[in-house]
Amino acid sequence: MVDKAKIEEAVKLLLEGMGENPDREGLVDTPQRVARMYEEILAGMDEDASVHLSRQFNVEGSDIVLEKDITFYSMCEHHLLPFFGKVHIAYIPEGKVVGLSKLARTVEVYARRLQLQEQMTRQIADAIVENLSPKGVMVVIEAEHTCMTMRGVKKPGSATVTTVTRGEFKTNTKLQRLVMEALH
């Protein structure tokens with residue numbers, strides 16, 4: 001759980017450290033605004049993906065389910081700057097599926113915390129494996145990291161792509177290609 005009082009105090013110190021006056025008109029309420037913002041964008045810290053993935057439906061067959069272009073926003077744990085992009089999830093059901101919105105909610109659970117893209121990709125795939133026991137899962141994340149685009153090397157538009165495969169997707173490159181072709 002976010003401790004808003006600590007965040008407010010830290011923001012005041014940060015403003016002072018930048019040479020700003022936290023009591024000037026434009027900054028007076030900034031510590032409270034920043035604390036509320038962090039409470040919102042880090043809400044996934046206290047959530048469990050299994051809550052969303054527990055509502056399942058029985059299905060026959062084992063065709064690929066692909067939910068693509070799930071928009072997300074997250075915070076890089078190295079610089080506390082945003083990274084954002086799209087998550088694509090493919091899985092091969094083993095008798096049960098979840099509602100498509102539940103996949104998007106699962107993405108939100110992991111995106112709304114201090115995060116690394118590589119770790120988030122793995123967490124989403126593992127949550128689906130643990131809760132649905134599918135024949136296979138593939139998660140692809142494409143993201144822009146503001147720690148690279150607005151500071152440091154300053155390369156706007158650059159994208160980082162991470163992929164995690166489990167089950168049949170791990171060993172079957174034909175299945176991997178099929179999903180990658182569907183994404184473009």
Side-chain angles (χ1 to χ4, degrees), residues 1-55 66-89 98-128 130-131 137 139-164 183:
M1 179 172 286
V2 170
D3 185 335
K4 288 170 39 174
K6 282 186 178 181
I7 293 172
E8 289 174 24
E9 186 58 34
V11 171
K12 280 185 180 179
L13 290 171
L14 182 64
L15 290 169
E16 290 171 358
M18 288 185 244
E20 275 288 358
N21 175 3
D23 295 321
R24 79 172 167 82
E25 184 181 359
L27 296 175
V28 167
D29 294 326
T30 296
Q32 293 83 11
R33 282 191 294 269
V34 171
R36 284 191 310 270
M37 174 201 64
Y38 277 118
E39 182 177 46
E40 178 184 340
I41 65 177
L42 298 178
M45 303 276 289
D46 298 322
E47 284 193 59
D48 182 354
S50 65
V51 170
H52 304 293
L53 295 171
S54 65
R55 179 80 172 113
L66 172 60
E67 180 71 15
K68 65 182 200 170
D69 296 330
I70 303 168
T71 301
F72 78 93
Y73 298 89
S74 192
M75 294 291 284
C76 168
E77 67 183 36
H78 292 157
H79 298 97
L80 299 183
L81 286 171
F83 68 98
F84 56 92
K86 306 279 186 187
V87 176
H88 317 288
I89 301 171
V98 293
L100 299 178
S101 69
K102 304 310 183 197
L103 295 175
R105 290 186 192 283
T106 299
V107 169
E108 286 298 301
V109 166
Y110 295 109
R112 290 183 173 264
R113 47 180 77 176
L114 295 178
Q115 196 56 277
L116 297 174
Q117 180 177 336
E118 300 87 343
Q119 176 177 273
M120 187 170 102
T121 311
R122 196 171 48 255
Q123 289 170 331
I124 293 167
D126 290 343
I128 293 167
E130 289 168 22
N131 289 278
V137 174
V139 177
V140 179
I141 299 181
E142 303 173 75
E144 182 173 322
H145 292 253
T146 59
C147 58
M148 271 190 55
T149 60
M150 68 182 282
R151 61 156 301 279
V153 296
K154 295 181 183 87
K155 298 297 178 203
S158 62
T160 301
V161 178
T162 51
T163 305
V164 168
L183 298 181

Distance in Å, L27 CG paired with N21 CG, rounded so as to fall on 0.5 Å steps: 7.5 Å
SB check E20 R24 (cutoff 4.0 Å): yes
By salt bridge (Lys or Arg N to Asp or Glu O under 4.0 Å) - contacts of E108 (at least two apart): R112
K155 atom NZ, neighbour heavy-atom count above 12 within 6.0 Å: no
Closest non-hydrogen atom pair between Q115 and Y110, with its separation: NE2-O, 2.8 Å
Shortest non-hydrogen contact between A125 and V164, atoms and distance: CB-CG1, 3.7 Å
Interatomic distance, Y38 atom OH to R33 atom CZ [nearest 0.5 angstrom]: 14.0 Å
Nearest heavy atoms of L114 and E77, plus distance in Å: O-OE1, 3.7 Å
For T162 against Q117, the heavy-atom pair lying closest together: OG1-NE2, 3.1 Å
Aromatic centroids of F72 and F83 separated by under 6.0 Å: yes
Gap separating the OG1 atom of T106 from the CD atom of Q123, nearest 0.5 angstrom: 12.0 Å
Atom NZ of K12: over 12 foreign heavy atoms under 6.0 Å: no
Inter-residue atom distance L42.CG - M75.CE, 0.5 Å rounding: 6.5 Å
Gap between atom CD1 of I128 and atom NZ of K102 - 0.5 Å precision: 14.0 Å
Smallest separation among heavy atoms of R113 and S74, with atom names: O-OG, 3.4 Å
M150, CE: over 12 other non-hydrogen atoms inside 6.0 angstrom: no
Gap between atom OG1 of T149 and atom NZ of K154 - 0.5 Å precision: 10.5 Å
Option passing side chain to side chain contact (heavy atoms under 4.5 Å, CB included) with I70 (candidates V87, L100, I124): V87
